[in-house]
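Have a look at the structure below before the remarks.
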Amino acid sequence: MLEVPHTNISFTDLHLWKKDRFLSSLIGDIDAIELLSLDIFDTLLFRTCANPSDVFVLVAEKAHRIGCLKASITPAAFKEMRIRAENKARDRQTAATGFGEVTLELIYAEMPEGICNRDKMAQIEVQIEAEVCYVNPHVASLLAACKSKQIPVALLSDMYLSSAQLRWILSSAGLDLSSVDTLLVSSEEHEGKSSGHLFARLKELYPKITSHAIVHIGDNIAADVEGASKEEIRSIHYHVVPEHFESLQHWEFVRHGHVLPEWKSLRKLAEASDMTVGMGELDRFFYKIGTSVIGPFLQALCEWVIDQCVDEGIQTVHPLMREAYLLAPMLENAARIRGIDLQIKPIYVSRQATFLAGLESFGDDELALLLGIHGLEIGELLEVLDISEEGVHFEAFLEERIENCKYMVGENGSSIYDQVVGFLRSAPIQTKIMASVQRHRQLFVSYLKQEFGSPERLVTVDIGFHGTIQKSLEKIVSLAGHKPQMTHLLAVGANRLDELSMRGMDIRSMLRSRSGGSDEGRRIARTPAFLEELMMGDFGSTLRYAEGEFGQIGPITAELKRTEEEYAMKRACQEGALAFQGYYAYLLQQKEGRLQRASLQPVEWSKPLHRVLDMPRPDEARLLGDLTHQDNFCTEYIAPICEDVAEEWFAQGPEAFLNSCNYGPSILNANWPQGLVTRRFPYYLYTYYLRLQDGFGTQVMLFETIQRVKENGTCAIHLYGTGAFAEQALKMAWFYGLQIRYWIDPQVGLTAAPWGRFAYVTLEEVRDGGTNAEIVEETRAETGFGIEKETEVEKGNTSHAFLIATLSEMKEYKSHILHVYEGSEVTPIFYELRP
């Protein structure tokens, strides 16, 4: 099995920060830093909730418990009221003083009288912040490394909390405040970071340190990057928590709503630790799959297995190879985290290794099973039955697939297929097959006794799904004269487990895939291929058992046919899954008693995997679908998980294709239907679930319009529109990676202060090209892409392309733009919403 030591995550580790994708850029420069400046929230501190505003829900729930919030105000309603109160407080403060920074007390002063105890509610909010916040060990590690070099550390925050309140929250999270030299907060300084004021104030406090010797780290581009640049301070955009279109967690939200909200930031942090792989982007992709998808699912399984063992006094478990290559070390780590003494000893076993040993006879049913295996060759069939010496009878056809032999005519006029069937049914061959059965059974039982002592009381662990191997194990042991009293633990179990239970087997599953089960269980059971492949090592399934030179019985495994690149991708995924366990243990310890173990929410912890299977991103469908799968049940037939499908199956569109995938493999071989449809129609499933989530609202129309802009190669565009809908369009464009820095709002004057990273301009300015140079420069700065080779047409697209943000005044808006452009020799380009 995989031998990787357990990763112990600690923010006192002076080297942990070097594994962070964003912080690692400082590895060669740390000695040149004379002052380290850190943002607090979403940088030094993370929260155990999906969004910062979710804190307000928790505030209301606690306020209800102690009776200081009116019972008729629901937590959801209070959340909206709290947001509105902050906005009103900022507007009032701006009108009175010219700056919009507020305190928590000013915010609660805006709450209507009689609905709550304002002072008590403010206290509760600070308490809840302390309860949900935890220290980001990566940034705290960098802080500790700087302090070890006597580099001063400052904390800068745009926040309504006071410095005293922030210090209490930081201390509650376990941070040693003696390591912090300076704390500046906008609510006390009456100005924030975006203007550069807090950075100028920082320089005043350290006059002997030049701007270029200061490094600031934060998550907000406007505040932490652009604000620092105004004072010529180097900054690192710590883009871990902020959401964007490519975030796995965003896709999970579209499919399932908030998934594991308490663990959201922790999963993102684990993703950011991919510098431990030290390889390219392909390996980073698979590392991320390991940390955020495979790792959480397997951690839930490990915790569930340990729960079963603790409840029943089980001291040893046997995960089944090949998946035990990753599952076994994860079980060991999970037991270590829990402080449980549990022995993990894998069993080399497979369907093929137990097939012959578990036969009582070899009749028509057994023969039909073998003949129906896709890709099985005649030579492989004889090898499975351990009668390879009989191959001389079909020497010319040993490498032919059995299904093709139905159409090959032999010398006697019958098909080769019929000749093979008749040959295997003949009395002499039946005798040889049954002799093989006895030999294989004896070897297998000897292997079990040798490795595990008494074979009757094995406790097996497997991914699932139908209990085929588990049934064979018990049958073989029983046929050998023993009375099996085994326990079988599966991640996902199908309905067939009920039948096995009726036969007296103790077989259990964490998730169910059919009646009484969950959609998550059904999807994982339907498409297990890449989960299984990513858990495996560089050896194939167990084919049989053989006696060695010194009498030891050992497994014979199949030879795998993989590229080194594919092995590297799997290793990256496995390292990610194991790394996740370290972060999981860290947060459990930090929030001891406040977070549930994964085994108590098995469906929730399976949703990240379910989302990838059910609604993959285009890159997931491409890269995971290209992984090859080698079943090794009687054949070495190997194929990509997403095999090529004839174009005719896609002719009627994605929905019809998915319906077609209900056919059997003999008609349409679709291991992963959702992967195939995404490879052909990249955003069909995304828009399907986005439409459902939005209640058939406007989000899909906006998304598809923005995609058209991007597909046309336009990286920056102007927004034309007014009101809340135009604001929604602007925010969605940013979220999906489209640059909109200029907003033409017919109802807002040019003197209005923008609330975000854009500017109000006139159509005349756009027409005359006054904004083009700025757009090109800003786009280059934000995206990292040069535009030096841009053609005149492309410049026109950048300068004169408009996103029309309205659903009711499209004709009027277009007419007005065309009127302004009349006689300019430039034809504006319009992108408007349409279904």
Arg691 to Tyr684 six-membered ring, cation-pi geometry met (6.0 Å, 45°) |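 Verdict for Tyr684: no cation-pi partner in Arg691.
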Of Arg118, Glu125, Lys120, the residue whose pairing with Tyr108 passes side-chain hydrogen bond (donor to acceptor under 3.5 Å, both in side chains) =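 With Tyr108 as partner, side-chain hydrogen bond (donor to acceptor under 3.5 Å, both in side chains) holds for just one option, Glu125.
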A side-chain contact here means heavy atoms from C-beta on lying under 4.5 Å apart; do [X] and [Y] qualify?
X	Y	answer
Tyr287	Glu271	no
Tyr586	Phe11	yes
Met81	Met111	yes

Hey, do the aromatic rings of Phe735 and His244 have their centres closer than 6.0 Å?
->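 No, too far apart.
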Going from CZ on Arg201 to CD on Glu231, what distance comes out if it is rounded to the nearest 0.5 angstrom?
->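 Rounded to the nearest 0.5 Å, the CZ-CD separation comes to 12.5 Å.
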Under the criterion side chain to side chain contact (heavy atoms under 4.5 Å, CB included), which of Val139, Asn136, Asp224 is the partner of Leu38?
->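 Of the listed options, the one satisfying the test is Val139.
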Check against side chain to side chain contact (heavy atoms under 4.5 Å, CB included), Phe758 and Tyr742 = CA-CA 5 Å; Phe758 66 91; Tyr742 297 96; over 6 Å; no
Quick check: closest heavy atoms across [X] and [Y], and the distance to 0.1 Å?
X	Y	result
Pro746	Gly721	CD-O, 3.6 Å
Phe199	Ala228	CE1-N, 3.4 Å
Asp39	Thr43	OD2-OG1, 3.0 Å
Gln590	Ala173	OE1-O, 3.5 Å

Pair Lys230 + Glu226, salt bridge at N-O below 4.0 Å = no
So, Arg611 and Glu252, do they make that salt bridge, N to O below 4.0 Å?
-> no
Where does the angle between the aromatic ring planes of Tyr683 and Phe703 fall among parallel (under 30°), tilted (30 to 60°) and perpendicular (over 60°)?
-> perpendicular
